Structure formats: structure tokens, C-alpha cells
Protein chains: 2
Amino acid sequence: MSMTALAGDERLPLYQRLAEVLRRDVMEGVRRPGDRMPSETALSAEYGLAPGTVRQALSALVDDGLLERFHGRGTFVRRPSFDRSLFRFFRFRDASGEWRIPESRILKRSVEPAPSHIARQLRIKDGEPAISMSRLRLLNEAPVLAEEIWLPKARFGAFLDLSESAIGPLLYPVYDAQCGQLVARAEETLTAEPASRETARLLRIDTGAPVIVIDRLAKGFDDTPLEWRRSKGRADQFHYHTEIR
Amino acid sequence: MSMTALAGDERLPLYQRLAEVLRRDVMEGVRRPGDRMPSETALSAEYGLAPGTVRQALSALVDDGLLERFHGRGTFVRRPSFDRSLFRFFRFRDASGEWRIPESRILKRSVEPAPSHIARQLRIKDGEPAISMSRLRLLNEAPVLAEEIWLPKARFGAFLDLSESAIGPLLYPVYDAQCGQLVARAEETLTAEPASRETARLLRIDTGAPVIVIDRLAKGFDDTPLEWRRSKGRADQFHYHTEIR
DNA sequence: GACATATAGTCCTATAGAGAACCAGATTGC
DNA sequence: GCAATCTGGTTCTCTATAGGACTATATGTC
């Protein structure tokens with residue numbers, strides 16, 4: 001029954017201060033994705049707050065996507081999932097109409113000095129060593145995405161030792177397991193451009209045909225940029241849908 | 001002090017039932033955008049609920065974008081604004097770098113039987129009379145968007161009587177004032193395609209150059225489709241940015 | 001008239017408590 | 001062994017109350 005004092009700016013409401021304390025726990029890795037949070041009653045005892053106040057703090061973090069609540073089971077640190085990525089608006093279905101993860105063929109993997117525009121994104125020094133990778137993503141032998149990926153070598157050195165067969169189509173689990181780098185969120189930018197001769201060859205379309213370009217900067221819980229990625233796919237396979245009001 | 005009984009499924013929580021009642025008021029036009037809702041204490045007296053319960057109901061509607069709260073002033077029916085539209089990702093700035101609403105030049109306005117794909121979207125009968133319009137949107141004499149617009153004639157007959165000068169660049173206020181049709185929300189779909197010869201001529205780009213296509217279906221509070229619109233702009237002026245997690 | 005002050009109305013924060021709904025695992029009964 | 005039941009723990013709903021914080025308007029003061 002040791003009551004912990006609540007840190008933070010005294011002028012801020014209690015529920016916000018509690019939320020910040022809990023958020024910090026997650027950002028610093030004290031609590032990891034999948035962990036169960038203390039129960040609402042436990043937290044209210046711990047910090048000497050009314051249950052309603054604790055609940056308000058948790059609600060804020062749930063709205064933020066940091067936590068996940070399950071009636072009767074508990075409140076958990078959310079495992080980041082990228083279901084909301086722009087990629088899901090590519091119509092990638094196999095013959096049976098099912099959604100599938102495209103397989104991956106690595107075309108190139110090497111260490112190079114980071115070009116300045118990459119370095120700026122990854123927040124490393126210009127020319128610092130980085131891992132550069134080209135991948136082709138395929139569905140039933142048909143190419144659907146051409147990808148260019150950059151990683152800071154300082155964090156991802158272990159990635160170089162892996163054989164291609166050990167990598168598979170999904171990279172983030174590999175980053176976590178092999179390099180201890182956990183992706184928490186990402187920023188994505190969508191543009192369209194005419195296919196270069198090289199891109200056209202990879203995607204087997206005409207040079208100059210429109211391609212959708214998605215740039216993604218993936219970040220850790222502490223906001224460190226971890227991976228920069230540029231993916232190109234056929235524009236005629238893409239349509240993004242949203243509701244506004 | 002007449003206490004109103006709360007309609008709706010008895011198994012649902014009270015705050016949800018109250019939220020649905022209030023939502024219906026807005027959808028049926030009992031309360032219009034800009035109106036102030038009764039205060040939380042007034043509602044709690046009216047329905048015989050604790051203030052906390054009422055607040056929970058209002059919060060749900062605020063999250064939903066239907067209401068808007070102002071500390072110390074009140075809770076209001078939100079005026080739909082389309083700041084979140086995909087259009088804001090076009091880099092349309094004038095010479096001084098300021099964001100401006102592009103002016104509008106109407107190229108064509110006529111009544112035609114609705115083609116089937118339009119009729120389906122507007123939920124009217126195939127071939128039913130509809131208003132068809134082509135517009136060019138310009139910034140400093142430079143064309144930036146080519147638009148094709150369809151309206152169901154049954155609702156928008158009054159729109160035909162207006163002179164072009166009376167219309168201006170923003171249509172939704174005109175729909176409201178002249179035709180009594182209030183747009184509450186919209187669905188937008190983004191694709192990219194090579195410019196047709198016609199589109200290329202309007203936008204003054206090369207035929208086959210990539211253009212961003214945004215289809216929008218605007219709906220009323222009661223979910224009736226009101227306007228279908230297809231807008232095309234230069235792909236090299238567009239980039240959509242979002243965060244995911 | 002200009003500016004400070006009071007006041008009423010609003011949403012916002014926080015407390016305290018009770019019971020319902022739900023879930024997982026242990027126990028019981030057969 | 002298997003199924004039903006119980007039990008403890010969790011989140012969820014709802015009540016009731018009190019005071020703080022903010023806004024707009026009215027009032028007073030100079």
C-alpha cells in the first residue's frame with residue numbers, strides 16, 4: 001500500500017498527469033506490448049486517486065492507441081499493428097479473391113553511406129553507414145510492389161548476418177527479434193508519379209505509366225526513426241477510401 | 001419539469017440510448033448546425049439521469065464529430081467542415097505562399113438522364129433527370145482542378161435558375177441556401193490514372209501524365225446522397241501525409 | 001465612455017461507492 | 001473424463017455531489 005506520488009506539472013489535471021506517467025512507462029520499455037496493466041482499482045490505490053479519475057487516464061491512452069481494453073480481462077499495452085497502413089488500399093488478392101501477404105524477393109542488400117535525404121529522415125549524420133535494401137514483392141509470381149529500404153547500421157548491424165531465407169516477407173518482427181528494435185508507429189506519405197524505366201521493368205508495366213509511391217518512416221516508442229522505406233505499386237491497383245465530415 | 005422517458009432498446013446502456021435520441025434530433029433537423037444543445041444539467045433533469053451519464057452520452061457524440069464542446073460556453077451541433085478532405089493535400093498556394101480557395105469557371109451546366117454508375121451512387125433511378133456540370137478551378141489563371149459534378153434534379157431544381165456569377169467557388173453553402181440541401185459528410189476515394197487528352201488539355205499537362213482522381217459522394221444528415229463529384233488534379237502537386245500505429 | 005468587478009451559466013475535474021457484465025480458472029458433481 | 005457451477009478478478013455502467021475553470025453579460029466605478 002505504498003502510495004506513489006504523481007509527477008508532472010501541478011497545474012495539469014490529475015488524470016492527465018497519471019496518463020503521462022503511464023505513457024512514459026511504455027515509452028521507456030518498463031511495460032512492453034502485450035503486458036497487462038495494473039487493474040483500475042490497483043492503480044487507484046497506488047496513486048491515491050478515485051477510480052473514475054484512473055479510468056479517465058486510461059481512456060485517454062486507449063484513445064491514443066497506446067493501450068487496449070478488454071471487458072473482464074484487463075487493460076493491455078497494445079501491440080502495434082499496421083492494419084491502417086495505406087498499403088491496404090492496394091487491391092492485392094490472389095486468384096481466390098483472398099487477401100494475402102505478398103512474398104518477398106530481396107534483390108540487393110548492402111552497406112552504404114547514407115545519402116543526405118535518407119540521413120535526414122533517419123536522423124543520423126550525413127554519410128554515416130546504413131543498410132540499403134531493394135525488394136520485390138510478388139503475388140502468384142506477379143510483381144506488385146517495388147521497395148527500397150534504408151536502416152541505420154548502428155542499430156541494425158545484426159540484420160546483415162541473416163540469410164535471405166531467414167527473413168521472410170514481414171520485416172518488423174525480424175527487427176524486434178534479431179535487432180531489439182520495436183516499431184511503434186509510422187508516418188506515411190502518398191504521391192503518384194510516372195514509372196521510371198527501371199520501375200516499369202520491375203513491375204512489368206509501361207514506362208511512364210502512373211505508379212503510387214508510398215514513403216514510410218517507421219519510429220520506435222521513444223520516437224527514434226528506425227526505418228525509411230519507399231514502395232511503388234501500379235496505380236491501377238490502388239484506391240484509397242475515406243470518410244470525412 | 002416534465003421528465004421525458006428514454007426511448008430505445010432497454011438492454012443498451014443509458015448513455016448510449018440518450019446519445020441515439022440526441023443524434024436523431026440532429027439527423028431529423030430538430031437541432032441544426034450551430035444550435036446550442038441544452039446544458040448538461042438541463043439534460044440530466046430532463047431525462048432523470050446523473051450528470052455523469054449525460055456527459056458520457058455527449059462525449060460519444062463529440063467523438064463522432066456530431067457535436068462540439070466549448071468550455072464555459074456550451075455544447076453545439078457541429079457545422080460540418082471539410083478541412084479534412086483529401087483536397088487539402090494538393091499544394092495549391094498562390095505566389096505569396098498562402099493557401100487560397102481556387103476560383104471557379106463553369107464550363108458546362110445541363111440536365112441529362114443520369115448514367116447508371118452515377119444513378120447508383122446518387123441512389124436515384126437509372127436515367128432519371130440529373131444536373132451535370134463541368135468546372136475548372138484556377139489559381140492565378142493557372143488551372144489546378146478539373147471537376148465533373150452530378151446532382152439529382154428532384155432536389156436541386158432551384159440550382160438551374162442561378163446565374164454563374166451568383167454561384168462562386170464554394171457550392172455547399174449554395175446548396176444549403178438555394179436548395180435547402182445540407183451536406184453533413186462525404187465519402188472520398190482517391191485513385192491515380194494517366195491524363196486523357198481532354199483532361200491534359202484542361203490542366204495544361206502532357207497526355208498520359210499522372211493525375212490524381214478524387215471521387216466524392218456528399219451526403220445529408222439523413223444519409224441521402226446529395227452530390228457526386230469527380231475532381232482531377234496534377235499528381236506532382238499532390239502528396240498525402242498520415243500517421244499510423 | 002472606459003475599465004474593472006461581480007454574477008450567472010456553462011463545461012471540466014475529482015471524489016466515493018454500488019452493482020452489473022464479463023472472463024478465466026478452480027472446484028464440484030456425475 | 002466431462003460438464004456444470006462457483007469464485008475471484010476485471011472492466012463497465014450509473015448514481016450523487018462538490019468545487020474549479022472558463023465565458024459572456026450585466027453592473028458598478030471612475
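The shown structure was predicted, so the numbers you read here are calculated from the model rather than taken from an experiment. Each chain gets a letter, A, B and so on, in the order the sequences are listed, and its residues count up from 1.
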S.K.: Would you say B:Thr75 reaches C:dT10's phosphate, i.e. side-chain N/O to OP1/OP2 under 4.0 Å?
M.R.: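 For C:dT10, OP1/OP2 do not have a side-chain N/O of B:Thr75 under 4.0 Å.
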
S.K.: Report the distance from atom CG of B:Leu43 to atom P of D:dC14, rounded to the nearest whole Å.
M.R.: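 Checked: the CG to P distance equals 15 Å.
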
S.K.: Would you tell me if any nitrogen or oxygen in the side chain of B:Ser39 comes within less than 4.0 Å of OP1 or OP2 on C:dG9?
M.R.: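 The answer is no; no side-chain N or O of B:Ser39 sits under 4.0 Å from OP1 or OP2.
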
S.K.: Whole angstrom is fine here: how far is it from CG in B:Leu14 over to P in C:dA18?
M.R.: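 That distance rounds to 20 Å.
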
S.K.: What is the distance, to the nearest angstrom, from the CZ atom on B:Phe76 to the C1' atom on C:dG9?
M.R.: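 Between C1' of C:dG9 and CZ of B:Phe76: 12 Å.
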
S.K.: One thing to verify: whether B:Glu147 and B:Arg137 come together as a salt bridge, which I'm taking to mean a side-chain N less than 4.0 angstrom from a carboxylate O.
M.R.: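 So B:Arg137 pairs with B:Glu147 through a salt bridge.
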
S.K.: State whether A:Glu20 and A:Arg17 are salt-bridged, where the test is any N-O pair (Lys NZ or Arg NE/NH1/NH2 against Asp/Glu carboxylate O) under 4.0 Å.
M.R.: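 No, this pair does not count.
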
S.K.: Should the pair A:Arg229-A:Glu227 be classified as a salt bridge under the 4.0 Å nitrogen-to-oxygen rule?
M.R.: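 Judged by the 4.0 Å cut-off on N to carboxylate O distance, A:Arg229 and A:Glu227 do form a salt bridge.
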
S.K.: Quick one: B:Leu12 CG to D:dC12 C1', roughly how many Å, whole number?
M.R.: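 For the pair B:Leu12 CG and D:dC12 C1', the rounded distance is 13 Å.
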
S.K.: So for B:His71 and C:dC11, does any side-chain atom that can act as donor or acceptor lie under 3.5 Å from a complementary atom in the base?
M.R.: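 A donor-acceptor contact between them is present.
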
S.K.: For A:Arg17, which contact category applies under a 4.0 Å heavy-atom criterion: base, sugar-phosphate, or nothing?
M.R.: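 Here A:Arg17 touches no strand at all.
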
S.K.: Strictly below 4.0 Å, heavy-atom distances to any atom of DNA chain D: list the hits from residues 52-66 of chain B, or just say none.
M.R.: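 Heavy-atom contacts with DNA chain D come from B:Thr53, B:Gln56.
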
S.K.: Remember a base hit wins even if backbone is also touched, and classify B:Arg36 as base, sugar-phosphate or nothing at under 4.0 Å, heavy atoms.
M.R.: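 Touches sugar-phosphate only.
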
S.K.: In whole angstroms, how far is the P atom of D:dT10 from the CE atom of A:Met37?
M.R.: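 Going from CE in A:Met37 over to P in D:dT10 covers 13 Å.
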
S.K.: Determine, for A:Lys219 against A:Glu187, whether the closest basic-nitrogen to carboxylate-oxygen distance falls under 4.0 angstrom.
M.R.: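 Salt bridge flag = yes for A:Glu187 with A:Lys219.
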
S.K.: If you count every heavy atom of other residues, nucleotides or ligands that lies below 6.0 Å from B:Lys232 atom NZ, does the total exceed 12?
M.R.: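 It does: B:Lys232 NZ has more than 12 such atoms within range.
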
S.K.: B:Arg69 CZ to D:dA21 P: how many Å, rounded?
M.R.: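 For the pair B:Arg69 CZ and D:dA21 P, the rounded distance is 19 Å.
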
S.K.: If the cut-off is 4.0 Å, is B:Tyr15 near the phosphate of D:dT13, judged by side-chain N/O to OP1 or OP2?
M.R.: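 Result: yes.
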
S.K.: What is the nucleic acid contact for B:Pro51, judged by heavy atoms within less than 4.0 Å: base, sugar-phosphate only, or nothing?
M.R.: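 Here B:Pro51 touches the bases of the nucleic acid.
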
S.K.: Is there a side-chain polar atom (N or O) of A:Arg73 under 4.0 Å from OP1 or OP2 of D:dG9?
M.R.: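 Negative; the distance criterion is not met.
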
S.K.: Side chains of B:Ser85 and B:Arg216: donor-acceptor distance under 3.5 Å anywhere?
M.R.: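 There is such a pair (donor and acceptor under 3.5 Å, judged by atom type) between the side chains of B:Ser85 and B:Arg216.
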
S.K.: Please report the distance, rounded to the nearest Å, between CD in B:Glu40 and C1' in D:dA18.
M.R.: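 Taking CD of B:Glu40 and C1' of D:dA18, I get 15 Å after rounding.
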
S.K.: Quick check: closest heavy atoms across B:Ala192 and A:Ile212, and the distance to 0.1 Å?
M.R.: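 Heavy atoms only, the tightest pair is CB-CD1, 3.9 Å.
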
S.K.: Rounded to the nearest angstrom, tell me the gap between atom CD in B:Glu68 and atom P in C:dC11.
M.R.: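 Roughly 13 Å, once rounded to whole Å.
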
